[in-house]
Amino acid sequence: RDVSFFQLSSHPRMYCYDTPGVSLLKRRNDPERNAKLGVLKCMPDHIAGEIYLADYLLYRLNRDRVFDYVSELELPAPTDDIRYLCAHIADILVRKDMQGHSKK
């Protein structure tokens, strides 16, 4: 089998290598690898699981001490509870939707 490649861009110079028989989706049981690829949109979200992807991203934000989401989402403090965060975001969306309907 031959390995082939093609150029994706010139600035920066970037190539894509085609490696026959090598698949990103072969080993579905590697959750961290799947989460990384899913967050980067290199594989479908449903393979890693949407909630798992959100939880992994939240974990990485907290681990790297990137707490911008706290003020952006008007949270009282950082959280490691993805279900709480999803519920909080849903509340924000419902309030915005209700405000949008009351202006009409």
Side-chain angles (χ1 to χ4, degrees):
R1 294 183 181 189
D2 292 334
V3 174
S4 61
F5 67 93
F6 56 92
Q7 190 169 351
L8 294 172
S9 70
S10 297
H11 301 287
R13 186 167 292 161
M14 191 179 323
Y15 296 92
C16 178
Y17 287 90
D18 179 18
T19 54
V22 176
S23 170
L24 293 174
L25 304 177
K26 272 189 177 177
R27 288 186 13 206
R28 292 183 180 205
N29 61 350
D30 184 350
E32 185 168 5
R33 186 200 58 147
N34 291 349
K36 287 176 183 176
L37 292 171
V39 167
L40 294 171
K41 295 305 231 178
C42 294
M43 71 182 332
D45 293 348
H46 70 274
I47 290 177
E50 290 87 350
I51 293 294
Y52 183 79
L53 289 178
D55 194 36
Y56 180 75
L57 186 55
L58 180 61
Y59 157 74
R60 292 296 300 255
L61 288 170
N62 288 333
R63 187 195 75 178
D64 295 343
R65 306 188 64 73
V66 179
F67 299 123
D68 298 349
Y69 73 92
V70 176
S71 60
E72 188 68 31
L73 297 173
E74 300 173 356
L75 290 166
T79 183
D80 63 356
D81 184 345
I82 192 61
R83 295 189 190 283
Y84 164 77
L85 185 59
C86 287
H88 181 78
I89 292 170
D91 287 344
I92 291 172
L93 294 174
V94 167
R95 279 190 307 237
K96 283 186 178 183
D97 188 50
M98 290 171 63
Q99 289 172 352
H101 281 96
S102 67
K103 290 181 182 179
K104 290 181 181 180

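Computed from a predicted model, the values in this text were never measured in an experiment.
With sequence neighbours left out, N62 forms a side chain to side chain donor-acceptor pair (under 3.5 Å) with Y69. When the side-chain contact (heavy atoms from CB on, under 4.5 Å) test is applied to S10, the partners found at least two apart in sequence or on another chain are Q7. Here D80 pairs with nothing under the salt bridge (charged side-chain N to carboxylate O under 4.0 Å, His left out) rule; sequence neighbours left out.
Rounded to the nearest 0.5 angstrom, L75 CG and F67 CZ are separated by 12.0 Å.
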Per-pair distances, 0.1 Å, donor-acceptor, side chain in residues 50-57, under 3.5 Å, sequence neighbours excluded:
from	atom 1	to	atom 2	distance (Å)
Y56	OH	E32	OE2	3.4
Y56	OH	R60	NH1	2.9

Return all side-chain donor-acceptor pairs below 3.5 angstrom for residues 83-96, not counting sequence neighbours, or 'none' if the list is empty.
from	atom 1	to	atom 2	distance (Å)
H88	NE2	L73	O	2.6

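Counting heavy-atom neighbours within 6.0 Å of R63 CZ, excluding the residue itself, gives a total above 12.
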